[in-house]
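Each chain gets a letter, A, B and so on, in the order the sequences are listed, and its residues count up from 1.
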Amino acid sequence: MMKEIIADTLYVQLEEKLDKSQIEQLIEIPPDEQMGDFAFPCFSLARIYKKNPAEIAGQLSETLKLPDLFEKVIPVSGYLNFFLNKRILAKQVLGVCQSDTYGSKNLKKNIVVEFASPNTNKPLHLGHLRNISIGESISRLFSFCGNKVNRTSINNDRGVHICKSMLAYDLLSEGKTPENTGKKSDHFVGDYYVLFSKKASEDESWNEKAQEMLRKWETADEHTVRLWKTMNKWALEGFAQTYRLFGIGFDKEYFESDIYKSGKEIVNEGLEKKVFYKRDDGAVVVNLEHQKLGNKVLLRPDGTSVYIVQDLYLAVLKDREFNYDKSIYVVGNEQEYHFAVLIAIFKLLGYPVANKMKHLSYGMVELPEGKMKSREGTVVDADDLIEETKRLASEELKQRYELSENDLEERSLKIALSAIKYQLLKIDISKNMLFDPKKAISFEGDTGPYLLYSYARASSILRKTESKKDAVFSDLNIHETRLVRKISFFPDTITSAFERLSPSVIANYAFDLAQIFNEFYHACKVIGSDSEGFRIELVKGFRSVLKKCLWLLGIEEIEEM
RNA sequence: GCCCCUGUAGCUCAGUUGGAUAGAGCAACUGCCUUCUAAGCAGUGGGCCACAGGUUCGAAUCCUGUCAGGGGUACCA
C-alpha cells in the first residue's frame with residue numbers, strides 16, 4: 001500500500017528504467033526505526049546509470065516530489081530513506097483499520113480445504129491438533145480474502161489397522177462399552193488398539209487374525225460388519241466431541257469405506273490412454289520415472305486397488321461436488337511422495353484437477369523423548385492436553401480473580417485453547433516442531449494468553465471510558481508511532497500470509513503487535529490524558545486488528561482475563 | 001543406495017524471499033504494582049547464523065561439497 005505510493009513516485013523519477021513492481025519489490029523497511037519508515041536501495045541502479053549508489057540516492061532525494069504522506073527523504077550510504085508524516089499516517093490508518101474489510105481481499109474463488117482426516121482406531125493426538133489448527137487457520141485466511149471455503153475431512157475408517165482394534169475388542173472386551181465404563185468413546189476404541197499391539201508383539205498370530213478379519217469385513221460378514229459399525233460410531237462420536245471442544249467443524253466428511261472401491265474407471269481410462277500399463281502378473285502400474293517418482297502400482301495382480309486410487313477418485317468427486325478452483329490438502333510431510341504421485345498421475349491423464357490441487361505439507365510434532373508412537377502409547381492425547389491446560393489456566397485464574405463457576409469454566413477453556421493453538425501455529429508449518437508439554441503450555445511471553453491479555457487490557461480501557469472527545473491528531477510520541485505503524489502493516493501481513501499459506505506469519509505479527517501495545521499501555525495513560533480522544537481511537541484500532549488476527553488463528557477473544 | 005526437508009543465543013523459534021549494526025520468547029540476574037488488569041513493563045549477560053568453498057557492490061538467505069538430525073523410497077493407509 002505505502003510501498004505502492006513510493007513506487008509510483010520513484011517510477012516517474014527513474015525515467016521508467018525499472019517498472020513499478022520491480023521498484024516495489026526493492027523497497028524495504030530499515031532495520032532501525034530512526035533510519036526511516038521505508039528505504040529504497042539504489043545499488044541496482046548503479047549499473048543502469050553507471051554512477052555510484054550514494055550519488056544516485058543523493059540526486060533522487062533532491063529531485064523527488066514527495067506526496068503529502070511523506071515528511072522527508074534522506075540519502076544514506078546508497079539508500080534512499082523515506083520518513084512518513086506520522087500525523088497524516090495516523091489519520092489515514094485509524095480511519096480505516098476498524099472496518100471489517102481492513103486487510104481483506106475480494107478474490108471470490110471456490111476453495112476446498114481437507115484436514116483432520118483421522119483413522120477411526122484411536123483418539124486424536126497432538127499431531128492432529130497441529131493439522132486441525134493449520135487447516136482451520138488456512139480456511140479462515142482464505143475466507144478473509146473473500147473466497148468461499150468448504151472444509152472437508154476424509155475418515156480412514158477401514159483397513160487392517162481398523163480391524164486391529166476391532167479384533168482386540170471382539171476377543172477381550174467381556175461386554176464392556178464406553179457407556180458402562182464411562183470412558184470417552186474414541187479413547188475406549190483406542191485402548192483396544194494399544195491392547196492389540198501388545199498382544200501382537202507377544203504372539204504373531206494376532207496379525208494374521210487381523211488380516212482374516214479384514215477379509216471377512218470385505219465379504220460383508222454380518223458379525224464383523226456389525227462390530228465395525230459399532231466401533232466406528234464410537235470413534236467418530238468421540239472425534240465430533242473433540243472437534244466441538246476445539247471449535248471446528250466440517251462442511252462435508254468423506255468415508256474411506258464409501259469410496260475405497262471407486263476409481264477403477266480412472267484406472268481404465270489410463271490404460272486406454274496408454275499412460276498406465278499392465279504388468280506381466282496383471283498389476284496395473286504407472287511409470288513416473290521421468291519425474292523421479294519411480295513406478296507406482298495402482299491395481300494389484302488380483303485386481304484390488306491401492307490406496308492412491310481412491311484418492312484419485314476423491315479428488316475428482318470433490319471437484320464435481322464443489323466445482324473448486326483450488327483444493328488444499330493439509331497433510332503431514334511424510335506424505336509428500338504420495339501427493340507428488342497423485343498430481344503427476346492427473347497430469348499424465350490430462351485432468352485439470354492436476355493444476356488445482358495443492359498439498360499443504362507440514363512437519364511432525366516431536367516430543368522431548370522423540371517421535372510419538374500411538375502403538376506404544378507415547379502420544380500426547382488431544383483431549384488430555386486440552387483438559388490439563390484448562391486445569392492450569394483455571395488455577396491461574398483462581399489465584400488472581402474471584403469468578404463465578406461459569407466464568408471460570410468458560411475463560412479457562414478459551415485461555416487453554418489459545419495457548420495450544422498459538423503454540424502450534426506460531427511455528428512455520430514446513431518445519432518439524434518440538435512440543436515440550438511441560439514448557440510449551442506456558443502463559444507468559446510469546447503465547448496465546450499474552451495475546452488474550454493484551455486484548456482484554458484494550459477492552460478494559462474502552463469499557464471504562466465514555467469519552468466522546470474528538471480525536472486530535474497532533475504530534476505522536478514514539479509509542480503511539482510504533483503502534484500506528486504496526487497497525488498499518490496488517491494488510492501486508494495478510495498478503496504475505498496468504499501467499500505463503502502460513503499462519504505463523506499472522507501469529508508472529510500478532511505477537512509483535514501485542515507487544516507494542518503493551519509498551520504503549522505501560523508508557524501512555526489513555527483515560528484522562530491530553531490526547532485522550534486520539535489514544536482511544538488508537539486503542540480501538542489495535543483491538544480491532546488484534547481481534548482479526550486472533551480470529552485468523554482460530555482463537556476466541558475474551559473481554560476480561 | 002537414491003530423493004526431499006532441516007541446522008541461527010543454554011532451550012524454543014523469528015529473520016520482510018539477496019540489503020544497513022542478526023532479533024524475540026523462555027531460562028539466569030536486577031529493578032517497577034497508592035496510577036486504564038504485574039498473564040505486564042524496563043534493564044544486564046548470552047552468536048564462527050553446523051563447517052568449507054563459490055556467485056557479487058552486498059549472503060543467515062542463492063550454488064557446490066562435507067558433517068549432523070528427520071522424513072520418504074510398500075502390491076500399508
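One interatomic measurement links the two molecules: CD of A:E560 to C1' of B:rA39, which rounds to 15 Å at whole-angstrom precision. Put simply, CG on A:N518 is 14 Å from C1' on B:rG25, counting in whole angstrom units. Summarising the geometry, the separation between CZ on A:F517 and P on B:rA39 is reported as 14 Å, rounded to the nearest angstrom. Rounding to whole angstrom units, CG of residue A:L462 and C1' of B:rC36 are separated by 10 Å. Between A:Y362 atom OH and B:rG71 atom P the separation is 15 Å, expressed in whole Å. What separates CD of A:E366 from C1' of B:rC5 is a distance of 12 Å, to the nearest Å.
Aromatic ring centres of A:F339 and A:Y329: separated by under 6.0 Å. Proximity of the aromatic rings of A:F520 and A:H479 is defined here by a centroid distance below 6.0 angstrom, and this criterion is not met.
Contact of the A:I308 side chain with the A:L342 side chain is registered, since non-hydrogen atoms from C-beta on lie closer than 4.5 Å. Annotation: side chain of A:H125 is not in contact with side chain of A:V380 (no heavy-atom distance under 4.5 Å). Using a 4.5 Å cut-off on side-chain heavy atoms (C-beta onward), A:F239 and A:P118 make contact.
Relative to the side chain of A:E444, the nucleotides B:rA77, B:rA20, B:rC26 differ in distance, and B:rC26 lies closest.
Note on A:A46: nothing from the nucleic acid sits closer than 4.0 angstrom, heavy atoms only.
Note on A:R457: a side-chain N or O is less than 4.0 Å away from OP1 or OP2 of B:rA38. For the OP1/OP2 pair of B:rA39 and a distance below 4.0 Å, the side-chain nitrogens and oxygens of A:Y453 include at least one atom meeting the criterion. Close to B:rC41, at under 4.0 Å from its OP1 or OP2, lies a side-chain N or O of A:Y450.
Cation-pi geometry between A:K164 and A:F196 is not satisfied (NZ or CZ under 6.0 Å from the ring centre, within 45° of the ring normal). Note that A:K122 lies in the cation-pi zone of A:Y193, set by a 6.0 Å cut-off to the ring centre and a 45° limit from the axis.
The salt bridge (charged side-chain N to carboxylate O under 4.0 Å, His left out) with A:E33 is formed by just one residue from the set A:K486, A:R482, A:R485; it is A:R482.
In this structure, A:F43 packs face-to-face on the six-membered ring of B:rG19, meeting both the 5.5 Å centre cutoff and the 30° plane limit.
In this model, a side-chain donor or acceptor of A:Y401 finds a partner on the base of B:rU37 within 3.5 Å. Side chain A:N81 to base B:rA20: a donor-acceptor pair is found below 3.5 Å.
An anti orientation is assigned to B:rC67, its glycosidic angle lying beyond 90° of 0. Base orientation of B:rU17: syn, the glycosidic angle falling within 90° of 0.
A heavy atom closer than 4.0 Å to some atom of RNA chain B occurs in A:V297, A:R300, these being the qualifying members of residues 292-300 of chain A.
Interatomic distance, OG1 of A:T481 versus CG of A:L483, reported as 9.5 Å (0.5 Å rounding). Between the OG atom of A:S133 and the CG atom of A:L424 there is a distance of 5.0 Å, given to the nearest 0.5 Å. Here the straight-line distance linking atom CG of A:N119 with atom CG of A:N156 works out to 5.0 Å at 0.5 Å rounding.
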Item to complete: Let me have RNA chain B in dot-bracket notation, would you? Count Watson-Crick plus G-U wobble pairs, both distances under 3.5 Å, and use [ ] for pairs crossing earlier ones and | for inter-strand partners.
Response: (((((((..((((.....[...)))).(((((.......))))).....(((((..]....))))))))))))....
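Taking the six-membered ring where the residue is Trp, A:W217 and A:W228 present perpendicular rings, their angle passing 60° and hence far from 30°.
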Item to complete: Using a 4.0 Å cut-off on protein heavy atoms (strictly under), produce a 5'-to-3' string for nucleotides 11-17 of chain B with B for base contact, S for backbone-only sugar-phosphate contact, and - for none.
Response: -SSSSBB
